[in-house]
Each structure stands twice: as C-alpha cells, then as structure tokens.
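Below, chain A is the first sequence line, B the second, and so on; all start at residue 1.
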Amino acid sequence: MKENYSRQVQLPSGVVHVYAGSELFNALDYQVFQMANNNLQIPNQVYMSYTPDVHVGVGTCIGTTAVWNMHNGYVSPSIVGSDIGCGMRVHMTNLHKDELKEVKLRRKLVKTIEKYLPVEDHARGHFSDIRLEHIVTKGLHGLPKKYIPDGYTPRKATSLTHVESSKFSMDENALNRLSSQVWHRSHRQLGTLGNGNHFAEIQSIEIAEENREVAEAWGLFDGQVVIMIHSGSRAWGGSVSQTCSSDMLKVMRMNGLGTADPKLLFAPLEHSAAQTYVNLMYSALNYAVVNRHLIAYAIREAGKDVFGSKFEMTTLYDLMHNYAWEEKHEGQSYFVHRKGATRSLPPGHPDNPQPYLTTGHPALIPGSMGTASYIMVGATDGKANFHSICHGAGRIRSRSATKRLITLNEFASSMRVGTDEEIVVNQRSLESILDESPQAYKDVDQIIESVVGAGLAKVVAKCKPMATVKGAK
DNA sequence: ATGTTC
C-alpha cells in the first residue's frame, strides 16, 4: 500500500495540514493538536501546517508554518518564538574526509576552534570592533569589509548572495525600546554559539546520486568536509520577545482578542505594537545572520591555523527556521510565520537568490548529535505547504526526561567514543550536554523520508558528523 | 532558546 505523507486534520477551530508518514503521525502527542486548535483561533489565518518534526513549544509547536494575507494579517511573537532568527549555515571546505581520519587531528581542530570561537558559559565574542547598531539595522551589510572576504562563495562573489536575506530593512526608531544593558550584552555576545541545541559541526558528505548534478553545481563533492552551524540571535532576540510581550497583551486586552491559551500573543499587523515588534524582530534576524557569519569567520581562522593558508571555507548557504516575513506566492502577498520550519524553494522560483535561481537554494536540515544532517533542495509540489519543510529531527523527550532516562554510556556509544570513528566533542564531559543526546530526538532519517515522500523537497547530500563544538552551560 | 527567575 502507498504510504500517505500528507493529512488534513479537522479541529474545532479549523484545519491543520500535517506532513508526516503514518508512524510519525500516530506518535504525535494530543497536545500538538490542542496547540494547533488554539493557534487556529487567531483571526483571518489562511493556512497552518506541521512538518514531521513537530513537537510542543511555548504557545505554538516547533514545526509550525502559519500564514496570513498581508491586507488583513496578524503577527504573533509566540509563533516566531523567542530565538528569533535561529537558523543554519553551511560552508564547504577544500578538505576530503580522509584528511581528518586521525582522531588526534580532529581533536586539534576542535581545540583550535575554541581559540577563535569562545564556548565557555557567558562567553564574549572576539568582535568588539564591530558596531552593533550597524549590524542590527543593516545585517551583513553593516559589517566592516574585512569580515566579508572575497572568494567566499563557489562563484567567487562575496557571501552576501548566499544567504536567505543579507539585510532585513527596519525602522531604527524601534531600537530605542531595548535597554542599554541589552545593547551591551549583545555586543559582547556577537560571534558566540550559545548553548542548548546550538552547535558548530565538522561533517563529511555523501551526495545523493539522483541529485548529483545539483550538488556539483553548488560545489559539493563526495567525501567533502563541510562546516554546519546552528545558532540564533542570542540575548538580543530573547529581549525583543520579552520587551514586546507586555505591549502585545495590552493590545489584545483592549481589542478583546485572545484564544484558549493566554501564552499565545498576537496582534493585527497594522497595529503600532505589531509594527514595533516586526521592526525589532527584523533587527534580531539581522543579528542572527551576522552571528552565524562571524562564527563561520572564526572557524575559518582556526582552519587556517591547522591546515595552512590553502584552507578554504566557501559559503554554501545561510537560512533561518524561526521568523516571520512577507512572501509572494503565486502573485499574492502573504505574511508567513515559520517556527521550526525551513523555507525550501524549488528550481526556477523567482525568490531564489540569483546564484540558485535555476537549481533552487540549499535547505539545511540538522539531525541530532551523532546522527546525520541533510542538505536538501525544494521541489515543485512544496507550494502546497508555502515551500516549508522540517527544521531538524525534533525533540521526543524533554531535557529533564532525557537526563533521567538516558545513560552516559548510551550517549558515549552513539558518539562512538573510544573508536577511530569517534565524533569528537569539545566539551570535556558528555554529562554537561546529555540533554542533547540523540536519544532525545526523533529519527532524522524518518523525518526526511516524510518530507521527500510528501514531495516537498529532495535530498542533495547526507552529512555525517566527524566533530562537534558545543557551548557550555 | 535565554546572562532565565523577584
């Protein structure tokens, strides 16, 4: 029998589209549907969906795509979530995995990365010469030239073309809402990973045969070492959410707006509180993109230390999975929220950045620690889901439950500790990051199978972890 | 996720 990867679930408040194979669908918690039902109570919503990695979050599930028309739209800080602009970046190196065969060399690389990319708790970045007000208002365009090196992409252009967006235009007046303490802290944090599920990983790739042409057009080759980065807007984005929430609540109370969940915040787009939030959210998107860019810059410096000046780390792509912005779909303007969902445009879609117009842009999907990650490309049928796909494996266990149920030995064996294939981790104790063990997550291969089965995207390359850098808590 | 949470 043919597996069904796409369902419409009718709830009292409306329909949620669920993209998941039967096994994943049947394993979904009822709370996920309760949450959808609350989210669907926000007025004028035109579409809501879940990707197969969906799991419960605050106000809204991680794995949600929620869409409004521009002319009568709403924005919801709860749907965007607190780590505004969190996303992925992949850089391609000119190394083959055989050059990192020695565990000792992987350890040396990780150690050197820590020199340029501080990972201790409350780490300060090494970028005090960068002006924060330039970054948050102009994104990558606010960086001094030295941080935008030439030949940073396959076509030797600057890296500004190889991102979902190099700049989110915003009204600078909104920035006055943030305290000087937030400015100070965020300046120091620039170029740091953070903790939780954030990481920088050294991986080797296996190209998917059926999409070899696309992979090679992007500059990928079999056995290539790539650097995958997962990070967000650090304290800046969290402060934006917090700062805006009281205003949002006030607007909701004054207009008689609300759902069954008091934690679900939203306001009509045209309202001034909504506009302030959107502007500040865009500042956080700018921060997050720059932050990942600087993390890559730091790793590149470390790579040059270890492998010499011939070491290259060209940008494949950078994109987000926590954000909301305006998009055109078949000529119509929509306000699209993605919380733990990744945009994945197909070949020929006009919103692809110029270098990826004919192939579609890379969509970067992390697995959990010790498991594979994926480089995907959108498929035409993805338009049914506003070109949204999954953002990763998706949690199945809370952090506390993972610590209670999973042993250090189980974690160590999934990291192949003590073998030649060991996935080297920078943290001295696996115990400190036990809540990130792969046993806390769904099986990423199964998630990808659902996305491909539903016709939303295709696999271009599978990325296998060789070494991981995590922040301390 | 987050310098959390007085």
(Q) Quick check with a 6.0 Å cut-off and a 45 degree axis cone: is A:Arg7 positioned over the face of A:Phe25's six-membered ring? (A)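 Ring-cation test returns yes.
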
Q: Tell me, with the steps shown, if A:Arg185 and A:His187 meet side chain to side chain donor-acceptor pair (under 3.5 Å).
A: CA-CA 5 Å; A:Arg185 193 181 293 160; A:His187 188 231; over 6 Å; no

Measure the distance from [atom1] on [X] to [atom2] on [N] and round it to the nearest whole Å.
X        : N     : atom1 : atom2 : result
A:Ile84  : B:dT2 : CD1   : P     : 13 Å
A:Gln181 : B:dT2 : CD    : P     : 17 Å
A:Arg234 : B:dT4 : CZ    : P     : 12 Å
A:His230 : B:dT2 : NE2   : C1'   : 14 Å
A:Trp236 : B:dT2 : CH2   : P     : 16 Å
A:Gln242 : B:dG3 : CD    : P     : 11 Å
A:Asp121 : B:dT2 : CG    : C1'   : 11 Å
A:Arg188 : B:dG3 : CZ    : P     : 11 Å

Q.
Quick check on B:dT2: is either OP1 or OP2 less than 4.0 Å from any side-chain nitrogen or oxygen of A:His122?
A.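 Answer no for this pair, as no side-chain N or O of A:His122 is under 4.0 Å from OP1 or OP2.
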
**Q.** Proximity of A:Trp325 and A:Phe335 rings by center, below 6.0 Å
**A.**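 No - the distance between ring centres of A:Trp325 and A:Phe335 does not fall below the 6.0 Å cut-off.
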
So [X], base contact, sugar-phosphate only, or nothing? Heavy-atom distance under 4.0 Å.
X        : value
A:Glu120 : nothing
A:Arg399 : sugar-phosphate
A:Gly81  : nothing
A:Gly232 : nothing

Q.
Quick one about A:Asp318 and A:His293 (side-chain donor to acceptor, distance below 3.5 Å, no hydrogens or angles considered), yes or no?
A.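 No, A:Asp318 and A:His293 have no side-chain donor paired with an acceptor closer than 3.5 Å.
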
Q) Which nucleotide in the set B:dT4, B:dG3, B:dT2 lies at the smallest distance from any side-chain heavy atom of A:Arg185? A) B:dG3

